[in-house]
Number of protein chains: 4
Amino acid sequence: MRKLDPVKHEEKRQQILQAAARCFVRDGFRGASTSDICAEAKISPGHLYHYFPSKEAIVSAITVFGLAMATEIFSAIAQGPDVVTALLAELERGIFGGDRSKGTFMLDLLAESARNPGIGEILRERHCEIRALLAKLLQEGQERGQVDVDLDPDLAASILISFIDGAKAMTIRDPGLDAANTTEMLKIAISRFLRPPSNKASAKKRQHRGV
Amino acid sequence: MRKLDPVKHEEKRQQILQAAARCFVRDGFRGASTSDICAEAKISPGHLYHYFPSKEAIVSAITVFGLAMATEIFSAIAQGPDVVTALLAELERGIFGGDRSKGTFMLDLLAESARNPGIGEILRERHCEIRALLAKLLQEGQERGQVDVDLDPDLAASILISFIDGAKAMTIRDPGLDAANTTEMLKIAISRFLRPPSNKASAKKRQHRGV
Amino acid sequence: MRKLDPVKHEEKRQQILQAAARCFVRDGFRGASTSDICAEAKISPGHLYHYFPSKEAIVSAITVFGLAMATEIFSAIAQGPDVVTALLAELERGIFGGDRSKGTFMLDLLAESARNPGIGEILRERHCEIRALLAKLLQEGQERGQVDVDLDPDLAASILISFIDGAKAMTIRDPGLDAANTTEMLKIAISRFLRPPSNKASAKKRQHRGV
Amino acid sequence: MRKLDPVKHEEKRQQILQAAARCFVRDGFRGASTSDICAEAKISPGHLYHYFPSKEAIVSAITVFGLAMATEIFSAIAQGPDVVTALLAELERGIFGGDRSKGTFMLDLLAESARNPGIGEILRERHCEIRALLAKLLQEGQERGQVDVDLDPDLAASILISFIDGAKAMTIRDPGLDAANTTEMLKIAISRFLRPPSNKASAKKRQHRGV
DNA sequence: CATGAATGAGCTTTCATTCAT
DNA sequence: CATGAATGAAAGCTCATTCAT
């Protein structure tokens with residue numbers, strides 16, 4: 001009669017993780033209790049510990065999951081023809097569109113990562129993946145002449161990711177911001193940042209003059 | 001009959017606030033308990049409530065204080081000759097220099113602001129001040145021909161602030177980043193963003209083409 | 001899958017309620033702490049909140065329970081042949097008999113009701129029930145000629161209940177009172193209050209003279 | 001310069017006591033804190049202990065004071081021509097008139113007396129005084145033929161006081177009660193209780209028949 | 001006389017976790 | 001697999017009281 005189906009087990013685990021994600025997005029890692037998660041997942045408190053050894057483990061799993069999704073999104077972006085266009089689509093979709101509390105969740109995750117070594121390590125590992133993806137994209141852009149070859153792809157990727165993180169903060173600091181205008185301005189910033197200088201020589205000169 | 005030193009009271013209040021700030025920087029708003037704060041401030045648990053009516057009030061006061069400091073820094077920046085230089089100095093000093101946990105604190109504050117209406121309001125009010133300061137700086141830059149006149153100063157200011165927020169996240173995502181290289185790259189990003197297009201006509205064209 | 005015994009849950013709830021009742025009787029609503037209740041019920045402090053959402057809820061439940069018992073007692077009284085006899089039996093049993101601290105509990109409940117709106121509402125609702133019961137009893141007495149028909153049953157019932165409340169205060173004011181003598185005297189007071197005037201005409205006259 | 005005027009000291013003590021009384025009437029003995037009392041009396045917490053060694057002492061003093069007032073009132077009553085009239089005047093004034101929270105205060109005091117030996121003793125002592133006053137009044141009534149001589153004055157006095165206590169409970173149980181109607185009904189109850197039987201012989205018979 | 005700073009025990013409540021069934 | 005009873009530490013906060021000035 002008993003089913004020790006590992007597939008079902010994993011399925012349930014995922015359901016709980018989804019429920020936990022909703023709680024964390026809503027109330028933050030500290031603000032959401034295991035009780036909240038159990039209620040959201042419609043399971044008993046004891047049962048939660050059948051799938052996860054601790055709340056920390058849930059937080060870790062969510063972190064892994066959340067960043068895996070980010071990686072996926074960036075993978076999808078990588079299909080697009082143009083880095084700038086792709087990044088902006090992501091910015092518009094993920095930050096000004098729909099549920100802004102996901103942005104808050106990311107900030108929460110970052111803050112948690114800075115204090116919780118376990119989470120921190122996960123973040124850093126996954127960040128490297130994402131950065132590598134973006135760096136590769138930039139490199140391809142450089143090869144196609146769309147991106148300034150003077151920019152170190154890894155470092156530029158880090159900066160671009162920081163722009164995305166910052167944009168999440170922006171919606172909190174100033175919720176009244178117009179999405180279209182802001183995206184347009186971000187587009188200018190990013191495209192100017194990446195675009196090769198019109199005059200190749202000027203790039204060198206600019207660095208020397210320190211503008 | 002004599003009213004005993006309200007100065008001393010304020011002094012102690014500030015001491016407690018400093019202690020609370022250290023706790024919040026270390027453990028976050030949720031992670032730090034009133035007990036922790038009392039221990040750090042070397043006072044008894046009951047005495048804390050002689051100076052603050054609730055933990056929330058302490059969080060508010062810290063938020064006000066922290067953002068007032070940010071405003072001050074930006075006021076100081078405004079003295080410098082050049083927006084870009086000033087912003088970069090701040091980025092280098094505040095983010096890569098010294099105590100990076102202050103960056104984490106800011107992310108915590110942002111996340112808290114998104115969920116705690118009281119804190120949110122404080123943040124938004126102060127953000128407006130800071131943004132206005134920066135916008136004025138940009139406007140002056142535009143008048144001096146240092147900044148692209150096509151950029152809306154308010155919106156550009158918001159974006160620049162988001163870059164600073166993002167940079168704080170960057171140090172968490174990638175603690176190994178070299179400060180000098182990263183600052184240099186940020187300098188490129190910011191200066192390219194703000195710099196007037198070499199050819200004035202091209203600016204107009206850009207808008208028409210919608211690039 | 002199986003829904004585990006809601007009967008057991010209710011049983012434990014009742015046990016805790018009994019323990020709380022003992023604490024409240026002993027120390028009053030304010031004087032008894034949740035710790036006291038937990039100790040009396042032999043459960044851990046956290047577990048109390050598995051059964052009741054707050055101390056206030058326990059107070060409410062106890063109030064409901066205590067007044068339900070009072071209603072029952074009055075229902076039982078209503079079986080007796082005679083209002084006066086029944087009331088006196090209750091007075092003797094409940095006030096001078098056994099545990100006088102239950103009287104104190106009732107005074108506590110009354111004082112709490114005056115200040116705590118939630119408890120107040122419960123008291124008033126239940127009081128109406130009890131008063132109605134007693135009023136019906138009086139009406140039947142009037143029909144049988146045992147009770148003065150000039151007395152408004154509702155008002156007279158209120159007065160009789162106030163005599164019972166007052167009797168509880170009496171045992172505190174003067175613990176040395178002899179139960180038999182006092183009951184006898186109360187019997188006189190109540191029976192004279194309710195008994196139809198020997199001369200029917202005099203009743204009318206009394207009202208005209210306003211004595 | 002320093003005034004160790006014992007008169008002023010006593011004056012201040014009384015002021016504090018008045019303030020404490022207002023707090024206790026409003027919030028009860030347990031519900032009112034020493035802080036509340038200090039705020040109401042406009043003194044500092046430390047200063048309170050210059051006049052009273054503890055909160056308990058304040059409660060005691062208030063108890064003494066409150067019951068002294070009650071004694072005074074009954075002394076005043078004793079001037080009137082008729083016990084029943086006097087009692088009713090007091091009932092109407094003190095219970096249905098003005099501030100009903102004073103009734104709640106009395107119930108609080110009774111409950112406290114049952115649990116706090118110190119307060120209990122004060123109550124019982126003062127109660128004896130009041131009862132004696134009332135008993136004397138009743139005795140005089142008996143001598144004048146206004147009161148049934150078969151009633152033991154002390155016991156009847158106790159019962160009458162219990163009616164007053166009960167009336168205080170009545171206003172809590174049923175705040176909508178009409179003062180005039182209720183007073184009228186109480187008048188009937190009290191006057192019938194005390195009034196000498198129209199036929200002296202019938203009194204004896206009544207007791208034997210057990211009506 | 002008077003202030004208000006300071007204490008520390010205790011309050012109600014929450015929470016992550018464990019255990020018996 | 002699943003429940004929910006049970007725990008105990010810790011949270012934020014209040015309070016009567018003491019002490020230095």
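This is a predicted model, so every value here is computed, not measured. So you know, we letter chains A, B, ... as the sequences are listed, proteins then strands, and number each from 1.
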Between C1' of E/dT21 and NZ of C/Lys8, the distance in whole Å: 9 Å
Rounded interatomic separation in angstrom, taking CD1 from C/Ile16 and P from E/dT12: 15 Å
Value in whole Å for how far the P atom of F/dA11 lies from CD1 of B/Ile37: 11 Å
Pairing residues for B/Arg115 by the side-chain hydrogen bond (donor to acceptor under 3.5 Å, both in side chains) criterion, not counting sequence neighbours: A/Asp108
Contact residues, residues 108-119 of chain D to DNA chain F [heavy atom, < 4.0 Å]: none
C/Asp27 CG - E/dG10 C1' separation (whole Å): 15 Å
Partner residues of A/Glu125 under the salt bridge (charged side-chain N to carboxylate O under 4.0 Å, His left out) criterion, sequence neighbours left out: none
Sequence neighbours excluded, every pair satisfying ring pair (Phe, Tyr, Trp, His ring centres under 6.0 Å) that has a member inside residues 20-43 of chain D: D/Phe24-D/Phe29, D/Phe29-D/Phe105
Residues forming a side-chain hydrogen bond (donor to acceptor under 3.5 Å, both in side chains) with B/Gln15, sequence neighbours excluded: none
Secondary-structure stems for DNA chain E, with pairs counted as Watson-Crick or G-U when both distances are under 3.5 Å and runs at least 3 long: E:2-21 with F:2-21
Polar atom pairs between nucleotides 13-16 of chain E and protein, under 3.5 Å, N or O only, would you list them?
residue : atom : partner : partner atom : Å
E/dT13  : OP2  : C/Tyr49 : OH           : 2.6
E/dT13  : OP2  : C/Lys55 : N            : 2.8
E/dT13  : O5'  : C/Tyr49 : OH           : 3.4
E/dA16  : OP1  : A/Lys55 : NZ           : 2.9
E/dA16  : OP2  : A/Thr34 : N            : 2.6
E/dA16  : OP2  : A/Thr34 : OG1          : 2.9

Set of residues satisfying side-chain hydrogen bond (donor to acceptor under 3.5 Å, both in side chains) with respect to A/Glu121, sequence neighbours excluded: none
Residue pairs fulfilling salt bridge (charged side-chain N to carboxylate O under 4.0 Å, His left out) with at least one residue in residues 47-65 of chain D, sequence neighbours excluded: none
Can you give each donor-acceptor pair under 3.5 Å made by side-chain atoms of residues 41-48 of chain D, sequence neighbours left out, with the distance rounded to 0.1 Å?
residue : atom : partner : partner atom : Å
D/Ser44 : OG   : D/His47 : N            : 3.4

Separation of A/Ile58 CD1 from A/Thr63 OG1 (nearest 0.5 Å): 11.5 Å
For D/Ser101, all residues meeting side-chain hydrogen bond (donor to acceptor under 3.5 Å, both in side chains), sequence neighbours excluded: D/Asp99
Whole angstrom value for the distance that separates C1' of F/dG4 from CD of C/Glu10: 16 Å
P gap between E/dC1 and F/dT21, integer Å: 22 Å
Touch class at under 4.0 angstrom, heavy-atom based, for C/Lys12 against every strand present: sugar-phosphate
Distance, nearest 0.5 Å, that separates CD1 of B/Ile172 from CD1 of A/Ile119: 13.0 Å
C/Ile43 CD1 - E/dT12 P separation (whole Å): 13 Å
Residue pairs involving residues 19-38 of chain C (criterion salt bridge (charged side-chain N to carboxylate O under 4.0 Å, His left out); sequence neighbours excluded): C/Arg22-C/Glu40, C/Arg26-C/Glu40, C/Arg30-C/Glu112
Atom-to-atom span, OH of C/Tyr51 to P of E/dT12 - whole angstrom: 20 Å
